[in-house]
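First the structure, in the form of structure tokens, and then the observations on it.
Letters A, B, ... are given to chains in the order of the sequence lines, protein chains preceding strands, and every chain is numbered from 1. This is a predicted model, so every value here is computed, not measured. For the numbers below, each heavy atom of this structure counts, side chains included, while hydrogens, waters and symmetry mates do not.
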Amino acid sequence: MDIENSNSITPETGERTGCKKEGRFSPNAIAELEEIITHYPNKKAAMLPALWIAQREYGGYITPEAIREVASLLGRPKAEVEGVATFYSMYNFKPKGRHHLEVCTCLTCGCVGAYEVVRKLEEILGIHLGETTPDGEFTLSEVECLDWCEAATVIQVGNKYFGHVTKDNVEMVLEQLRDSDDHTPISLADDIVKILLPGREPKSNAG
Amino acid sequence: MAELKLLLKYRDVPGIENIDVWESFGGYEGLKKALTMERSAVIEEMKTSAVRGRGGAGFPAWIKWSGVLKHTDAPHYLICNGDEGEPGTFKDRELMLKLPHQLVEGMIIAAYATNTDKGYIYIRGEFVEPAKSVRKAIDQAYAKGYLGRSILGREDFNFDLYIHMGAGSYECGEETALMSSLMGERGQPRLKFPHGALPVDAGAWDSPTLINNVETYSCAPHILRNGGAWYASMGTERSKGTKIISVSGHVKKPGNYEIELGTPLMEVLDLAGGVIGGKLKAVIPGGSSVPILPAEKCVGVNMDYESCQAAGTMLGSGGFIVFNEKTDIVLLMRRTAEFYAHESCGKCTPCREGTRWMFKILDRIVSGGGLRSDIDLLQDITNNMDGRCYCPLGDAAAWPIRAGIKNFREEFEYWITHKKSPIGDDCVPPVPYRINPALIPLS
């Protein structure tokens, strides 16, 4: 967990005076959260789902305002919400590129060419691991096992896994993504929220 | 003993993820049969089958099931552990993606047997596609009356099944950490038996909770349909049934292979088309957490709980990673240590500090600054982690490093003396060209 490097989320002063800022959860998002809360014996259990909704509503990453809004909706202390959110690696605390390339370099991938893929991506994109291209299109990260080792090397981009990636075909992955508005941090969060709710039929990413 | 498809039998049938196709292959018949039986008789069938937990620990499933049923005064919860995260393992991913009804049916059977009316499938956040498949299966099962109120006309049986998505944490695959995460907390483990309560007595929301792996629940429809005795006719004396082995690494045909327990390890390697890129050097038979087996020790080992243990390793989750002669064990151990340093939840000091120190020391060795004493120091750290943490992550981080040193000590010594890989410049994983600065500041 990259806590030190993330934007620190600190409670703002004046919170207790009762002046509540407008949140960014849409009426639809509130309705989704209310339905999800009914799945559990208490509101607190909806913490992870609420953070996923927040990540979508706040543009792909969780801001101090998002923490405050989740805390208020679930009736929990802000410090607790922040404590939970920062534990998990899939909640972002900084804006990511439109496509977040997460290359698995764990045991299997690392032994069959993942590091070559990383180097090639750094070369093509002109950035290092952990950085975002100046045009905001791609963020490049290294991640731990994505558990699709039969298709090593695997790259996760938002809600999609790309398998069998090599240094020779990785450029094709980038080409596919350049034209796509899908597979963004927001579409990932949206898919996850829809999965939690019955009958929403999240669309399938074939291929 | 060889490949024996039970859970994966219909994997390649087009449309098998739909309820109609699943039913046309006998789907939900196990459930219908279970509903004609007493709850305790269903558990008796599980006992006869002797199926053991497929998540890695191999604990007899029926003991957990009967432990929940005996509580009559509190709400019960059913949890499926779909937080597959063990490096080298990808069976639950395929089971959820291709055969979601097998899992849903298994969970409904378990809910009936344990008198539970609420269940959760905890799926790792990255598994969007498998989770979509499970979502669709749950919706279809509701529409057909297999889920919800008065299931199949039984007024005493209601069961609601929900999906809970994780958000990126290996630790949440550990059952008590998973329950913390389900309850909206940081994914950290709780004190376990005998120091704390068992989940079957006080698990999620301090209520009796049954938690099993995806593969374990997926066995239940088959056991109910065909009988526990039939299931127990497969496998060895103490390891019954089949097991899905996820084969990856330096093999010709990586993938999931379902075998009868007790199948020789080398036969699994053959099923996957054999080693590529050179001779066999080593195998990790059960996921990154289990001790590595050098090639010469692989012969004669069978894929069952007892034989793996006798060989000094474990069947674990069935994440079978194959390494050829180009593999540098020190670099592999460094990458393994990096994984555990990243994934330690930070609750217990021996694990939080130990994983980081192991990574730093291995990093120092592959950066050319290794000391003679580093090998002993690494061993000392593993001894101070093993068995000293709330959950098995600390053990799982220590075992691979200890086995790496035990089986390939000369490679560690070569690195320290010569400051380079004994394999050469084309070794895998490659020598890191830059240490990931975000993970651990070098001091």
Side-chain angles (χ1 to χ4, degrees), chain A residues 1-2 5 39-49 51-52 74 76 83-85 87-91 105-108 110-116 119 128-130 142-152 156 159-161 188 191-192 194-196 198-205, chain B residues 75 84-90 92-93 124-129 131-132 135-136 138-139 142 162-170 181-188 205 246-250 254-256 284 288 319 321 323 327 332 335-336 339 342-343 345 428-430 432-434 436 438:
Chain A
M1 173 54 62
D2 191 11
N5 295 332
H39 298 176
Y40 303 99
N42 60 34
K43 267 190 179 182
K44 181 185 153 191
M47 185 80 81
L48 267 61
L51 287 164
W52 277 119
L74 297 181
R76 307 298 304 181
V84 174
F87 182 84
Y88 298 94
S89 64
M90 292 177 78
Y91 297 128
T105 61
C106 207
L107 301 189
T108 299
C111 283
V112 301
Y115 288 98
E116 293 172 349
R119 272 206 211 203
H128 292 307
L129 279 174
E142 184 183 8
V143 289
E144 298 299 349
C145 192
L146 293 170
D147 286 288
W148 193 26
C149 318
E150 66 181 304
Q156 183 181 8
N159 53 4
K160 188 172 168 73
Y161 272 22
L188 168 66
D191 270 8
I192 286 181
K194 290 203 168 75
I195 285 164
L196 301 174
R200 298 302 196 280
E201 294 273 323
K203 66 185 187 319
S204 191
N205 310 310
Chain B
E84 184 169 57
E86 182 76 7
T89 312
F90 43 92
D92 298 342
R93 180 182 189 278
R124 72 178 284 184
E126 290 88 345
F127 278 179
V128 175
E129 284 305 309
K132 283 180 182 173
R135 169 80 271 153
K136 205 168 144 196
I138 291 175
D139 290 350
Y142 268 105
Y162 305 104
I163 296 178
H164 186 93
M165 294 296 285
S169 162
Y170 169 72
S181 183
L182 176 67
M183 291 186 283
E185 298 167 8
R186 292 166 76 87
Q188 294 188 315
W205 298 286
S246 307
V247 187
S248 71
H250 299 136
N256 280 315
I284 296 177
S288 67
I321 317 178
F323 301 100
T327 310
L332 183 70
R335 187 64 188 83
T336 309
F339 172 79
H342 187 257
E343 299 298 342
C345 80
V428 291
Y433 64 101
R434 189 180 56 252
N436 180 358

Heavy-atom proximity to chain B below 4.5 Å, by part of Arg76(A): neither

Leu48(A) to Gly166(B) - nearest heavy-atom pair and separation: CD2-CA, 4.3 Å

Contacting region of Ile321(B) [heavy-atom separation from chain A under 4.5 Å]: side chain

Pick from Ala152(A), Gly83(A), Gly130(A) with the largest number of heavy-atom pairs that fall under 4.5 Å of chain B: Gly83(A)

Residue Met183(B) versus chain A: region with a heavy atom under 4.5 Å: backbone

Smallest separation among heavy atoms of Trp205(B) and Ala45(A), with atom names: CZ2-CB, 3.6 Å

Side-chain donor/acceptor of Arg93(B) to backbone N/O of Leu146(A), under 3.5 Å: no

Shortest non-hydrogen contact between Arg335(B) and Thr105(A), atoms and distance: NE-O, 2.7 Å

Among Val247(B), Ile138(B), Asn256(B), Thr336(B), residue most engaged with chain A (heavy-atom pairs, under 4.5 Å): Thr336(B)

From Glu129(B) atom CD to Tyr161(A) atom OH, the distance as rounded to the nearest 0.5 Å: 10.5 Å

Contact origin within Leu188(A) toward chain B - heavy atom pairs under 4.5 Å: side chain

Any donor-acceptor pair under 3.5 Å from His250(B) side chain to Cys111(A) backbone: yes

Donor-acceptor pair, side chain of Asp139(B) and main chain of Gly199(A), under 3.5 angstrom: yes

Interface moiety of Tyr170(B) toward chain A, non-hydrogen atoms closer than 4.5 Å: neither

OH-OG distance between Tyr88(A) and Ser181(B), expressed to the nearest 0.5 angstrom: 3.0 Å

Intermediate values then yes/no, side-chain contact (heavy atoms from CB on, under 4.5 Å), Lys132(B) and Lys194(A): CA-CA 9 Å; Lys132(B) 283 180 182 173; Lys194(A) 290 203 168 75; over 6 Å; no

SG-CD distance between Cys145(A) and Glu126(B), expressed to the nearest 0.5 angstrom: 9.5 Å

Proximal component of Phe339(B), with respect to chain A [non-hydrogen, under 4.5 Å]: both

Toward chain A, the part of Thr89(B) with a non-hydrogen atom under 4.5 Å: both

Closest non-hydrogen atom pair, Tyr40(A) against Leu182(B): CE2-CD1, 4.0 Å

Inter-residue atom distance Asn159(A).CG - Phe127(B).CZ, 0.5 Å rounding: 15.0 Å

Shortest non-hydrogen contact between Ile163(B) and Leu196(A), atoms and distance: O-CD2, 3.1 Å

